[in-house]
S.K.: 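Before anything else, here's the structure in question.
All chains are named by letter (A, B, ...) in the order of the sequence lines, taking the proteins before the strands, and each is independently numbered beginning at 1.
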Protein chains: 2
Amino acid sequence: MQELIEALTQRLGPDAVLTGADVTDRYLTDWSSVIGPRPAVVVRPDCTAQVSETMRACSQFGQPVVVQGGLTGLSGGAVPKAGELVLSLERMNRIEEVDTASMTLTAQAGTPLQKVQDAADASGFLFPLDLGARGSCNIGGNISTNAGGNQVLRFGMARNLVLGLEAVLADGTVISAMSKVLKNNSGYDLKQLFIGTEGTLGIVTRAVLRLFPKPKSCCTALVAAQSFADTIRLLQYLGSEFGGSLGKFEVMWASYFDFIITHVNTTRSPFDKQYPVYVLAEIDGASQDADQERFAEALAQAMAEGFVSDAAIAQSERERHSFWSIRDGVAEIGAHTKHSANFDVSVPISRMAEFLARVDRDLNAEFGKATALYFGHIGDNNLHLCAWTGNKSDTQRLYEIVYQATGEFGGSISAEHGIGVLKIPYLKHSRSEAELALMRRLKAALDPKGLLNPGRVVEC
Amino acid sequence: MQELIEALTQRLGPDAVLTGADVTDRYLTDWSSVIGPRPAVVVRPDCTAQVSETMRACSQFGQPVVVQGGLTGLSGGAVPKAGELVLSLERMNRIEEVDTASMTLTAQAGTPLQKVQDAADASGFLFPLDLGARGSCNIGGNISTNAGGNQVLRFGMARNLVLGLEAVLADGTVISAMSKVLKNNSGYDLKQLFIGTEGTLGIVTRAVLRLFPKPKSCCTALVAAQSFADTIRLLQYLGSEFGGSLGKFEVMWASYFDFIITHVNTTRSPFDKQYPVYVLAEIDGASQDADQERFAEALAQAMAEGFVSDAAIAQSERERHSFWSIRDGVAEIGAHTKHSANFDVSVPISRMAEFLARVDRDLNAEFGKATALYFGHIGDNNLHLCAWTGNKSDTQRLYEIVYQATGEFGGSISAEHGIGVLKIPYLKHSRSEAELALMRRLKAALDPKGLLNPGRVVEC
């Protein structure tokens, strides 16, 4: 590899090439539990031409590459494997333009999500992609993994928020499709090749993102219901009453809600009784008072019709935070459990109740004493599930049982977090052999030497 | 080809194979002006397995195939070329399921769009894809061309409305990815390969479509403004006031508006003066009276702030139709012009005024007496443009002038209607050589023998 390192140092300059002690622990891991070996070199291009140069050299030397952004992934996709060169986008962190008339923002891939959100906000607009890792994750990683997050119901996933994209192929070819237009049927929509493919088909270097007018107000309600079926009726009812202004619809089953209220000191239920299921719903609007009144009327109507049992509308920002603290309590679960298996699956809504009953039955049959908490972005079919027995040796079987059921119910074993390396063994539950073969065919067409993020998502 | 026809007749049954006089004129053309030679055979599979069987046989015999749906395309992509076998999806026209809890509808590719809309409506939901050809076009064609239409601003293009997809590759492989879930990051999103690629990478056979709760009301306003910049301010203002409930935002420049009012007898302006530009805007809602009041207040505020000059809110369904008849008057232009060139381009909003000035200047410099009407789905960056001199010999230059400018302004030469065969010569204005090469690479990877819709979109 020494010859390649020398060539890159010469072509890109010494700032772009880290070796020896300069390769710190930062480059060894992401937010998954996977830790890789220390790479011989970290290359940090500062522009697209340097990314292209790097890949041309790697292609020439047959050098495998792992691409790193903000290193907040949960599936281990950015963790180096032995012999890989690390290509980090950390120096490509500039916002190039905010076009207020077109409502677009152009950024380099290594720009932190929060920096994008802040730049949009400072220009009077909303960039709606939002997730917990916002301060650390990069927009390029958000795009490469098709990130979801808190506002998918109204605005869609990262895929929906990208108008134009630039990417570098394994051989160094630059594909620049930096369109600012929403409607573009001029030939194949090539950006789709690089969104959600986790850097295995190309390296995202720049993007044109969609901005939106900022909502002026936000009304939040915590709602109690007797059954999951009633929450689905509520979802459709609010969709009809508030159309595209229904921003969030989070469901928490009693298993989750009661666990959080019991274990997380800062949370309390606004209800004086317990219920089988709870919904946290938000409406975006233009007038706090008027929207709150409409929201209250709509929920009163739902109570009169029997599919809502109780409801509390946040009357202050403090109360809104109090409601959200129950949903955000997920971050505290780890402190009260041992060896939990955490899931990010999607299941068709029509089969979700049956799916949960099946998982309960299978867990009880296998372990007797397993605990499982259910909650999720149900407006988007996305179920999070946290299960444990307390024994480390059971974790593997917990994963197998839940993924097996997910596949049988027509679900996705990874709704938001991607496949990386950790979920490859389970991909077969969600994808057929013909689909996996087509993924490999695509990979071979775009990266015939298998140099880009090898062994992530698809096995070569 | 006789041997192939016999093999297909034997495997698929005689109903599936038309030859001789049974191959009617219907199979020779679409809504473009292109007419193809009469094909030797039309194969009409009635299920995915038969499509697969057909492609396996064609692959074996090296037989090129053109895929036909509702034959309403405007770019000539479905018109047969000499020697091609026609594969028509016309017998695959069944709606397989409406899943009301998941809000999905599953249909075969040959199902007319209107049949899909009606089935959604009968189940209490909205399928928001809508375009003029709704009675004839098929959902498979809508998906293959990533159709746009009237409701893109709120609901996105066809790409956004497809959750699951099944397609048959050139070699007969069935890729079945009939997911019902919104969030699915389990490996490559293969359906993107078949959406908007005009049948060149695979034949769409079935799809799972997204349904939405029906809006309960719709408020329509016709608005007059002094400049295009003011209409953009209005677009952003309404987006902030009404969020995701802003359903339509159509802009008509005076050139178009005045032409229609003058030439189409059934139209009249609600205003007593003429203005430089007009907007037709619609808000989806839940209560006609309350929404109308909010809409009126918002427009009054815009008038007070000076970016709206006059506004009329439709007070009845009759009045709503009267407003829309001006926009729909586009269908009548042909009766009052000769040899017009019709465009469906996208241009970044921030550059649109400058783009129109450039086109005006170029047309005047070349022809002196050219007429150009401007209108479009400006909320989506989509500009329609109709230009003519009256001389047939000028049409070609009209196309060249406008597409040249579109490329230079970072626009798309085809916003909605695709490339087919007619727009291939102009694709270079919107796409770089590297992009075109990647399209060819994809085509070669998925259809190495070049049998599927050859010569459409990409030149092999």
S.K.: With ring-ring contact (aromatic ring centres under 6.0 Å, His included) as the rule and sequence neighbours excluded, what pairs involving residues 151-172 of chain A come up?
M.R.: A:Phe155-A:Phe212
S.K.: For the pair A:Ser350 (side chain) and B:Ser102 (backbone), establish whether a donor and an acceptor sit closer than 3.5 Å, ignoring hydrogens and angles.
M.R.: no
S.K.: For A:Ser430, is it the side chain, the backbone, both, or neither that has a heavy atom closer than 4.5 Å to a heavy atom of chain B?
M.R.: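 When you check distances to chain B, only side chain atoms of A:Ser430 fall under 4.5 Å.
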S.K.: Taking the side chain as C-beta and beyond, is there a heavy-atom pair between A:Gln192 and B:Arg159 under 4.5 Å?
M.R.: yes
S.K.: Among the options A:Leu246, A:Thr200, A:Val174, pick out the one with the most heavy-atom pairs lying under 4.5 Å from chain B.
M.R.: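 Top option by heavy-atom pairs under 4.5 Å: A:Thr200.
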S.K.: Tell me, out of B:Pro213, B:Ser432, B:Ala229, who's got the most heavy-atom pairs with chain A below 4.5 Å.
M.R.: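 Going by pairs under 4.5 Å, I would pick B:Pro213.
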S.K.: For chain A, which candidate among B:Val457, B:Leu190, B:Ile232, B:Ile175 shows the most heavy-atom pairs at distances under 4.5 Å?
M.R.: B:Leu190
S.K.: Closest approach of A:Glu416 and B:Asn185, non-hydrogen atoms and distance?
M.R.: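 Closest pair (atom of A:Glu416, atom of B:Asn185, distance): O-ND2, 3.0 Å.
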S.K.: For B:Leu163, which atoms come within 4.5 Å of any heavy atom of chain A: side chain, backbone, both, or neither?
M.R.: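 Looking at B:Leu163, nothing touches chain A.
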S.K.: If I measure from the heavy atoms of chain A, does B:Ser217 come under 4.5 Å with its side chain, its backbone, both, or neither?
M.R.: neither
S.K.: For the residue pair A:Thr173 and B:Ala434, what are the closest heavy atoms and their distance?
M.R.: CG2-CB, 4.2 Å
S.K.: Are the side chain of A:Asn184 and the backbone N or O of B:Ser412 linked by a donor-acceptor pair below 3.5 Å?
M.R.: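 Side chain of A:Asn184 to backbone of B:Ser412, a donor-acceptor pair under 3.5 Å: no, none is there.
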S.K.: Does atom CD of A:Glu293 have more than 12 heavy-atom neighbours, drawn from other residues, nucleotides or ligands, at distances under 6.0 Å?
M.R.: no
S.K.: Check each atom of B:His377 against the heavy atoms of chain A and say whether the ones under 4.5 Å are side chain, backbone, both or neither.
M.R.: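 Only the side chain of B:His377 comes within 4.5 Å of chain A.
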S.K.: Contact part of B:Phe242 toward chain A, heavy-atom cut-off under 4.5 Å: side chain, backbone, both or neither?
M.R.: backbone
S.K.: Among B:Lys180, B:Glu435, B:Arg441, B:Met439, single out the residue with the greatest number of heavy-atom pairs under 4.5 Å to chain A.
M.R.: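 Option with the greatest count: B:Met439.
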S.K.: Ignoring hydrogens, what is the shortest heavy-atom contact between B:Leu193 and A:Leu193? Give both atom names and the distance.
M.R.: CD2-CD2, 4.4 Å
S.K.: Measuring from atom CD1 of A:Ile349 to atom OG1 of B:Thr100, what distance do you get when rounded to the nearest 0.5 angstrom?
M.R.: 11.0 Å
S.K.: Which atoms of A:Leu442 come close to chain B, meaning under 4.5 Å heavy atom to heavy atom: side chain ones, backbone ones, both, or neither?
M.R.: side chain
S.K.: Pick one of side chain, backbone, both or neither for B:Val152, based on which atoms fall under 4.5 Å of a heavy atom in chain A.
M.R.: side chain
S.K.: With chain B, which of A:Leu169, A:Asp284, A:Asp189 has the greatest number of heavy-atom pairs at distances under 4.5 Å?
M.R.: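 Ranked by contacts with chain B, first place is A:Asp189.
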S.K.: Look at B:Ala415, B:Ala101, B:Gly148 and state which one has the largest set of heavy-atom pairs under 4.5 Å with chain A.
M.R.: B:Ala415
S.K.: Flag the one option from A:Ser346, A:Gly239, A:Gly243, A:Ala445 with the top tally of heavy-atom pairs under 4.5 Å to chain B.
M.R.: A:Ser346
S.K.: Find the one option among B:Gly379, B:Ser245, B:Gly285 whose heavy-atom pairs under 4.5 Å with chain A are most numerous.
M.R.: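 Top option by heavy-atom pairs under 4.5 Å: B:Ser245.
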S.K.: Answer yes or no: is there a donor N or O on one side and an acceptor on the other, between the side chain of A:Ser186 and the main chain of B:Leu427, under 3.5 Å?
M.R.: no
S.K.: Among B:Ile419, B:Leu438, B:Leu201, which residue satisfies the side-chain contact (heavy atoms from CB on, under 4.5 Å) criterion with A:Tyr188?
M.R.: B:Leu201
S.K.: Measuring heavy-atom distances to chain A, does B:Phe194 have an atom under 4.5 Å in its side chain, in its backbone, in both, or in neither?
M.R.: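 The side chain, not the backbone.
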S.K.: Checking A:Thr145 against chain B: side chain, backbone, both or neither under 4.5 Å from a heavy atom?
M.R.: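 Just the backbone, heavy atoms under 4.5 Å.
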S.K.: Which bit of B:Ser176 is near chain A, if near means a heavy-atom gap under 4.5 Å: side chain, backbone, both or neither?
M.R.: backbone
S.K.: Pick one of side chain, backbone, both or neither for B:Arg456, based on which atoms fall under 4.5 Å of a heavy atom in chain A.
M.R.: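 Neither; nothing under 4.5 Å.
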S.K.: Given A:Lys183, which partner from the list B:Asp344, B:Asn146, B:Asp380 fulfils the side chain to side chain donor-acceptor pair (under 3.5 Å) test?
M.R.: B:Asp380
